[in-house]
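One structure is given below, encoded as structure tokens.
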There are 2 protein chains.
Amino acid sequence: MARSLEVVGEKWALLAVREVFLGNRRFDEMVRRIGAPRDTLAARLRTLVEAGIFERRQYSDHPARFEYFLTDAGKDLYPVIVTLRQWGDRHLSEQDGPPAVFKHTCGHPLMTRLVCESCGEPASLPSRPPTFTRQPAS
Amino acid sequence: MARSLEVVGEKWALLAVREVFLGNRRFDEMVRRIGAPRDTLAARLRTLVEAGIFERRQYSDHPARFEYFLTDAGKDLYPVIVTLRQWGDRHLSEQDGPPAVFKHTCGHPLMTRLVCESCGEPASLPSRPPTFTRQPAS
DNA sequence: CTGAGTGCGTCCAAAATCCCGACTTACTGC
DNA sequence: GCAGTAAGTCGGGATTTTGGACGCACTCAG
């Protein structure tokens, strides 16, 4: 977890990932949509490429222009994004309801659900945090 | 999503939340375990309390000592933590495998799964980002 | 050809944040 | 009395972020 956050926990990082999921692969497009300082976004894209989450592909030379694509590791961030959105929709949405929605091919929105790894049972969160085993660290 | 990150996306915030899930509710304990600067952690705890994720309860006066508990909104962050851990375990774990494991009451670890909100079908991620509807912003 | 516009950055100075170690206060246990 | 613990605060330096301007290599309209 700590490791995840090191890679993906910096400001703007996850928003950039979301943008690529939404199909906005170009620098300017992202700047416009998420409102990050160009400088910071450039740095963030670099670290995300280094971390193997984005792949930077040239789509034109003279002038060299690049697009960012998700690697497999990047695509695996999808549940993180959905989960975060879910939480925000639940606890932070103001008058204007949930915006940007990702849809399943069947036409309905996606969500994540907590399940037990082995029995698959959709573990509803107990009122008290679930039982856990404590171990060195994470 | 952007809103979620504003609340929970600051450095150390999610690690603090995780600690409370693990049952470490005291300031010093958290400092020791996550290694954040005392200063920063103090600030973070304050913002998390303001955001309604933690509740600060006094457990002794003379000297006044406090513990942090999760509110309902805080408990709802559980899937976010699990999802993040899952991703880290998958893509970032080095020789030392996944540490700190949360377990379901049946004794097995928990995980999150992407499902369709209506059909419940465990939507596996399509090779290409899923279809989506684009809307103003998030 | 000229001038405007676009795309992807970089540069810089100011502001905000973060980090670290030391310090404080009020206990408890030896 | 002395060490230790707990929950911070304080001062200051180090690091990041921010926003605006700038550069460059095009393309397009006139």
Side-chain angles (χ1 to χ4, degrees), chain A residues 1-20 22-51 53-70 134 137, chain B residues 1-20 22-51 53-70 74 137:
Chain A
M1 239 223 75
R3 279 190 288 257
S4 302
L5 287 177
E6 256 164 55
V7 175
V8 122
E10 288 162 305
K11 209 167 180 183
W12 306 116
L14 276 178
L15 288 177
V17 173
R18 180 197 60 179
E19 283 312 309
V20 177
L22 288 171
N24 307 310
R25 289 185 263 280
R26 329 269 251 227
F27 185 84
D28 260 44
E29 185 78 2
M30 296 191 209
V31 168
R32 263 194 302 278
R33 292 185 43 96
I34 70 188
R38 314 176 66 75
D39 222 0
T40 311
L41 184 62
R44 207 54 73 239
L45 289 174
R46 257 194 307 277
T47 66
L48 288 173
V49 168
E50 274 164 37
I53 287 170
F54 283 160
E55 193 199 324
R56 186 158 174 269
R57 270 186 230 160
Q58 190 155 356
Y59 69 93
S60 123
D61 34 26
H62 290 320
R65 286 297 122 86
F66 304 90
E67 293 181 305
Y68 295 87
F69 287 84
L70 291 160
R134 189 123 37 114
Chain B
M1 239 224 72
R3 279 190 288 255
S4 302
L5 288 177
E6 255 164 58
V7 174
V8 125
E10 287 164 304
K11 210 167 179 184
W12 307 117
L14 275 179
L15 288 177
V17 173
R18 179 197 61 178
E19 284 313 310
V20 177
L22 287 170
N24 306 311
R25 289 185 263 280
R26 330 270 250 226
F27 184 85
D28 261 45
E29 184 79 2
M30 296 192 209
V31 168
R32 263 194 302 278
R33 293 185 42 96
I34 70 187
R38 313 176 66 74
D39 219 5
T40 311
L41 185 62
R44 207 54 71 240
L45 290 174
R46 257 193 307 278
T47 65
L48 288 172
V49 168
E50 274 165 36
I53 287 170
F54 283 159
E55 193 198 324
R56 187 160 171 268
R57 268 184 230 160
Q58 190 155 357
Y59 69 93
S60 122
D61 33 27
H62 290 322
R65 287 296 122 87
F66 302 91
E67 293 182 304
Y68 294 88
F69 287 84
L70 291 160

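What's counted below: heavy atoms across the whole structure, side chains too, no hydrogens, waters or symmetry copies. These figures come from a predicted structure and were not determined experimentally. Every chain is numbered from 1, with letters handed out A, B, ... down the list of sequences.
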On the nucleotide [N], are OP1 or OP2 found under 4.0 Å from the side-chain N or O atoms that [X] carries?
X       : N      : answer
B/Tyr59 : D/dA6  : no
A/Arg56 : C/dG9  : yes
B/Arg46 : D/dT9  : yes
A/Tyr68 : C/dG9  : yes
B/Arg44 : C/dC18 : yes
B/Trp12 : C/dT17 : no
A/Thr40 : D/dT18 : yes
B/Lys11 : C/dC19 : yes

Tell whether B/Arg38 reaches the base of D/dA7 with its side chain through a donor-acceptor pair below 3.5 angstrom.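 Between D/dA7 and B/Arg38, which were checked side chain against base, a qualifying N/O pair under 3.5 Å is present.
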Kindly indicate whether the side chain of B/Asp39 and the base of C/dC18 share any N or O donor-acceptor pair separated by less than 3.5 Å?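 Not at all, since no donor on one side and acceptor on the other fall under 3.5 Å apart.
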Figure out the [atom1]/[atom2] separation between [X] and [N], and round it to whole Å.
X       : N      : atom1 : atom2 : result
A/Phe66 : C/dT10 : CZ    : P     : 10 Å
A/Arg57 : C/dC8  : CZ    : C1'   : 18 Å
B/Leu45 : C/dC18 : CG    : P     : 13 Å
A/Leu41 : C/dC8  : CG    : C1'   : 11 Å
B/Ile34 : C/dC20 : CD1   : P     : 13 Å
A/Leu5  : C/dC18 : CG    : P     : 14 Å
A/Glu29 : C/dT6  : CD    : C1'   : 12 Å
B/Gln58 : D/dG8  : CD    : C1'   : 13 Å

May I ask you to test the A/Phe27-A/Arg38 pair for a side-chain heavy-atom distance under 4.5 Å?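 In short, these two side chains touch, coming nearer than 4.5 Å.
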B/Val20 and B/Met30, any side-chain heavy atoms less than 4.5 Å apart: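 Heavy-atom side-chain distance check passes, below 4.5 Å.
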Say you draw a straight line from OG1 of B/Thr47 to CZ of B/Phe54; how long is it, rounded to the nearest 0.5 Å?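 Going from OG1 on B/Thr47 over to CZ on B/Phe54, the span is 9.5 Å.
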A/Arg25/A/Tyr59 under side chain to side chain contact (heavy atoms under 4.5 Å, CB included): CA gap, chis, key distance, verdict: CA-CA 11 Å; A/Arg25 289 185 263 280; A/Tyr59 69 93; over 6 Å; no
The side chain of B/Pro37 lies closest to which of these nucleotides: C/dG7, D/dT17, C/dC20?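 For B/Pro37, the side-chain atoms sit closest to C/dC20.
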Counting only side-chain heavy atoms from C-beta out, which of C/dC18, C/dC27, D/dG8 sits nearest to B/His62?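 The closest nucleotide is C/dC27.
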First of B/Arg65 and A/Arg65 reached from the 5' end of DNA chain D, by closest nucleotide: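 Nearest nucleotide further toward 5': that of B/Arg65.
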When the nearest nucleotide of DNA chain D is assigned to A/Pro63 and to B/Glu67 on a heavy-atom basis, which residue is associated with the more 5' position?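 Result of the comparison: B/Glu67.
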Stepwise, does the side chain to side chain contact (heavy atoms under 4.5 Å, CB included) test hold for A/Glu19 with A/Ile34? CA-CA 8 Å; A/Glu19 283 312 309; A/Ile34 70 188; 3.5 Å; yes
A/Arg32/A/Glu29 salt bridge by N-O under 4.0 Å criterion: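 So A/Glu29 pairs with A/Arg32 through a salt bridge.
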